[in-house]
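For reference, the structure is listed below as structure tokens.
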Amino acid sequence: MTTRDPRATALARFAALFADETRAACLLALLDGRAWTAGELARHAGVAASTLSEHLGRLVAGGLLAEERQGRHRYVRLADARIAQLVEDLAAQVPADPAARPRNLRESNAGSAMARGRTCYDHLAGRLGIAVTDALTARGLLQQETGFALTGAGMEWFVSAGIALDRRGRRPLARACLDWTERRPHLAGVAGAALCRHALETGWCVRIGSERAVKVTAAGERALSDLLGVEAAALR
């Protein structure tokens, strides 16, 4: 007679939080790192507000979302970077469907923009994220042999570029995050978040559309070329 692992029930209950298309749509939308209102998420998921409220309640109770209220509005966001990593890692395991086609031009353009460059919670992803990660690695600023880690030269590069690294928390300085469109790892962790924040604050990148897509500006192309040797063609 075997004894069931006592964690099995808890794991099954936790996994069930992801096993619903509406909840999955909410979790993916919240990978933009921002807080959304319940109404915004309901419209995004295409369900009634009452239906969405029930789903949000389960996600909050399960520890996947954090909730805050301002007046009449209820805002939710992913609980933390650990949950964002889990959602992105799960999304990267979904096999691409070669038969899937955009239903219209808007979906086609949105998909292309997301694949070109986007935020993954608080760091850069898509071809943009991969191009930056590859450039850091090629210049000896990031090593990937035994897991992502900034080298001494990499630490100096962030300082010289004016990008502050907050090392006070327990979050790893550099971490690999599997990119769900490129199927390769991009830079996450403290360094990835700092680089993304700097890119948005300085105007190297700007958000486009209503999802997570970002576009590299002319100033961003010049900066990434000067600092990392990234060719403009890789960013378009």
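This structure is a prediction, so every number in the text was calculated from the model and none was measured. Residue numbers run from 1 in the order of the sequence given. No hydrogens, no waters, no symmetry mates; every other heavy atom, side chains included, goes into these values.
Between Ala176 and Pro185 the shortest heavy-atom distance is CB-CB, 3.9 Å. In terms of heavy atoms, Leu124 sits closest to Leu128 at CD2-CD2, 4.0 Å. Closest of all the heavy-atom pairs between Ala125 and Cys120 is CB-CB, 3.8 Å. Between Glu221 and Ala232, the shortest heavy-atom distance links the atoms OE1-CB, 3.7 Å. A pairwise comparison of heavy atoms in Trp157 and Leu227 identifies NE1-O, 3.3 Å as the closest pair. Contact record, Cys205 with Val214: CB-CB, 4.4 Å, taken as the closest heavy-atom pair.
The number of heavy atoms from other shown groups lying within 6.0 Å of CD (Glu68) is above 12.
Following chains of ILVMFWY side-chain contacts shorter than 4.5 Å, one cannot reach Met114 starting from Ile130, and the two form parts of different hydrophobic clusters. No continuous path of hydrophobic side-chain contacts links Leu178 to Leu28 [ILVMFWY only; heavy atoms under 4.5 Å].
In this structure, Trp204 and His198 have perpendicular ring planes: the angle between them is above 60°, well past the 30° mark.
Using a 4.5 Å heavy-atom cutoff, the side chains of Cys196 and Thr119 are in contact. No side-chain heavy atom of Leu141 sits under 4.5 Å from any side-chain heavy atom of Phe158. Using a 4.5 Å heavy-atom cutoff, the side chains of Leu41 and Cys26 are in contact. Using a 4.5 Å cut-off on side-chain heavy atoms (C-beta onward), Ile208 and Arg116 make contact.
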Side chain to side chain contact (heavy atoms under 4.5 Å, CB included) assessment of His186 paired with Arg127: CA-CA 9 Å; His186 57 243; Arg127 293 197 299 275; over 6 Å; no

Audit row: Gln144, Leu187, side chain to side chain contact (heavy atoms under 4.5 Å, CB included) steps and yes/no: CA-CA 10 Å; Gln144 301 187 31; Leu187 176 65; over 6 Å; no

Test side chain to side chain contact (heavy atoms under 4.5 Å, CB included) applied to Glu67 and Arg69, step by step: CA-CA 7 Å; Glu67 178 184 30; Arg69 293 183 180 273; 3.5 Å; yes

From CA spacing to verdict: side chain to side chain contact (heavy atoms under 4.5 Å, CB included), Trp180, Gln93: CA-CA 7 Å; Trp180 63 265; Gln93 302 308 313; over 6 Å; no

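Defined by atom type and a distance below 3.5 Å, a donor-acceptor pair is present between the side-chain atoms of Arg118 and Thr181. Between the side chains of Thr151 and Gln143, no donor N or O sits under 3.5 Å from an acceptor N or O.
Between the side chain of Thr137 and the backbone N or O of Thr133 there is at least one donor-acceptor pair closer than 3.5 Å. Within the 3.5 Å criterion, the main-chain N or O of Gly203 finds a donor-acceptor partner in the side chain of Thr217.
Leu165 pairs in a side chain to side chain contact (heavy atoms under 4.5 Å, CB included) with only one of the listed residues (Val159, Leu195, Leu150), which is Leu150.
For the atom pair CD (Glu88) and CD1 (Ile83), the distance works out to 13.5 Å, reported to the nearest 0.5 Å. With rounding to the nearest 0.5 Å, the separation of OH in Tyr75 from CZ in Arg34 is 12.5 Å. Going from atom CZ of Phe14 over to atom CZ of Arg7 covers 14.0 Å, rounded to the nearest 0.5 Å. To the nearest 0.5 Å, atom CG of residue Leu31 and atom CZ of residue Arg212 are 4.5 Å apart. Of the inter-residue distances, the one linking Phe18 atom CZ with Leu90 atom CG reads 5.5 Å to the nearest 0.5 angstrom. Residue Cys177 holds its SG atom at 12.5 Å from OH of Tyr121, rounded to the nearest 0.5 Å.
Listed by first and then second residue, the salt bridge (charged side-chain N to carboxylate O under 4.0 Å, His left out) pairs that reach into residues 130-158 are Asp134-Arg184, sequence neighbours excluded.
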Can you give me every donor-acceptor pair (side chain of residues 52-65, partner residue at least two apart or in another chain, under 3.5 Å) with its distance?
unit_1	atom_1	unit_2	atom_2	d
Ser53	OG	Arg74	NH1	3.4
His55	ND1	Arg23	NH1	3.0

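One finds a salt bridge joining Asp122 and Arg171 here, because a Lys/Arg side-chain nitrogen approaches an Asp/Glu carboxylate oxygen to under 4.0 Å.
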